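Not measured: the values here are computed from a predicted model. Reminder, nothing fancy here: chain letters follow the sequence lines and each chain counts from 1.
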Amino acid sequence: MEFMLHSVATPFNLDYTLDCGQVLRWGKRGGWWYGVVDGNVMKIRQSGGKLIYHTYPERLDGMFIEHYFRLDDDLPRILSKINRDEKMAQVIHRFHGLRIVRQKPWECLISYICATYKNIPAIKDILLALSRKFGRGIKFDGNRFYAFPTPHVLAKAGTNELNVCKLGYRSPYVFETARRFACAELDLDSLRNIGYEEAKARLLAQTCGHKLLPGVGEKVADCVLLFSLDHLDAFPVDVWVKRAVLEFYPQYLDPMLLEKASRRKSITSHEYAVINSFGRRYFGEYAGYAQQYLFYYMRERSRER
DNA sequence: GCATCACCTAGAGG
DNA sequence: ACCTCTAGGTGAT
């Protein structure tokens, strides 16, 4: 199957989009990207203004491709909005065509709960282990792929079985969250068409004195809002984005905070609030796009050194 | 409020 | 082989 990149879908760069760290279940082999999306294996590559793809077992159409890769976003307009200074111009130019992907809320939520305090290779290992153990197997192209496990299966699993997948202290978080999902206490899709603040407050809500979703703090909430619930103004702050803001935008921060923050590698909740609100104010309605370009830029730069 | 600290584990780098 | 540092933070104190 083929998808022609029409004018709205341009620019698009498949490699940047799948390699930038927002999705963790894709891998490139022999010129093709392989991933499991929504229970289907997808094999895809880009050839100039064209996407060539196969999906199995369902034959997913162009509408699906367009929706998943956010090819309906007016990227030139978005990039012009976040292009606020020379540094951003450079970052945007470097990764021109990177798009935010529309992930499934459930998979996105579990992925980022698992991602806390882990490096990306380790996160990919965890998600693969969870899928192998609890997900449905799908044979394709002579390989075996695994769908992401359903809430119901993880809710039945229990923390001991989850721990086999190297979740460590995250096991009870994943287990509890799966239970909330399985008994339909949660409807993340209802957070799509309300404002960012309201949606975030509901994700972080407390019930009976404890968290609705254990393991979900500000960072995880912002990732879920940005990557799966269409809140492009969310601005997740992790150690890389913190470094980026401290290095490129020190003049916008209180000198005291700057001084303290640069001495500490992790992020305090106060620092999170300050950097998050700077990002949202400075970059505006598409701050989430700015965040992803900055994140990828910082990681690539560190890898090159 | 608010700052500090423990936490499971494993990849990356020396 | 072995050790240290760090990792897309969160929850408890």
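- Across all strands, A:V237 comes closer than 4.0 Å to no nucleic acid atom at all (heavy-atom distances).
- For A:K265 and B:dC5, the NZ to C1' distance is 13 Å, given to the nearest whole Å.
- In summary, A:D230 and A:R70 engage in a salt bridge, as defined by a charged side-chain N under 4.0 Å from a carboxylate O.
- Among the protein residues, A:Y112 comes within range of the nucleic acid bases, having at least one heavy atom under 4.0 Å from a base atom.
- Looking at heavy-atom distances under 4.0 Å, A:V241 makes no contact with the nucleic acid at all.
- Within the nucleic acid shown, A:Q291 comes within 4.0 Å of at least one base atom, counting heavy atoms only.
- Rounded to a whole Å, the CD1 atom of A:I275 is 14 Å from the C1' atom of C:dG9.
- Side-chain proximity of A:R264 to the nucleotides C:dG11, C:dG9, B:dT4 is greatest for B:dT4.
- In this structure, the separation between CD on A:E161 and NZ on A:K133 is 4.5 Å, given to the nearest 0.5 Å.
- Atom CD1 of A:I126 is separated from atom P of C:dA7 by 16 Å (rounded to the nearest Å).
- For A:F235 and A:F278, the ring centers sit 6.0 Å or farther from each other.
- Per the geometry, CD1 belonging to A:I267 stands 16 Å off C1' belonging to B:dA3, to the nearest Å.
- Ring pair A:Y296/A:Y16 is perpendicular by interplanar angle, where above 60° counts as perpendicular and below 30° as parallel.
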Dot-bracket pairing map - DNA chain B, Watson-Crick plus G-U, both contacts under 3.5 Å, | cross-strand: ..|||||.||||||
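- Taking the ring pair (Phe, Tyr, Trp, His ring centres under 6.0 Å) definition, one finds that A:H6 meets it with A:F3, sequence neighbours left out.
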Per-nucleotide protein contact string for nucleotides 8-14 of chain B (B base, S sugar-phosphate only, - none; heavy atom under 4.0 Å): BBSBS--
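- A:K260 has its NZ atom 6 Å from the P atom of B:dT4, to the nearest Å.
- Here C:dA12 presents its P atom at 10 Å from NE2 of A:H210, a figure rounded to the nearest Å.
- A donor-acceptor contact closer than 3.5 angstrom links the side chains of A:Q90 and A:Y297.
- For the pair A:I120 CD1 and C:dA7 P, the computed distance is 11 Å after rounding to whole Å.
- For A:W26 and A:Y34, the ring centers sit 6.0 Å or farther from each other.
- A distance of 6.0 Å separates CD in A:Q46 from CG in A:L5, rounded to the nearest 0.5 Å.
- The shortest distance between side-chain heavy atoms of A:D222 and A:Y196 falls below 4.5 Å.
- Using P as the reference atom, B:dA6 and C:dC5 are 16 Å apart when rounded to the nearest Å.
- For the P atoms, the distance linking C:dT13 with B:dC8 amounts to 13 Å, nearest Å.
- Within 4.0 Å (heavy atoms only), A:E218 reaches sugar-phosphate atoms of the nucleic acid but no base atom.
- Look at CD1 on A:I113: it is 11 Å from C1' on C:dT10, rounded to the nearest Å.
- For A:R243, a side-chain nitrogen or oxygen approaches OP1 or OP2 of C:dA7 to under 4.0 Å.
- In this structure, A:E285 does not pair ionically with A:R280, as no charged nitrogen and carboxylate oxygen lie closer than 4.0 Å.
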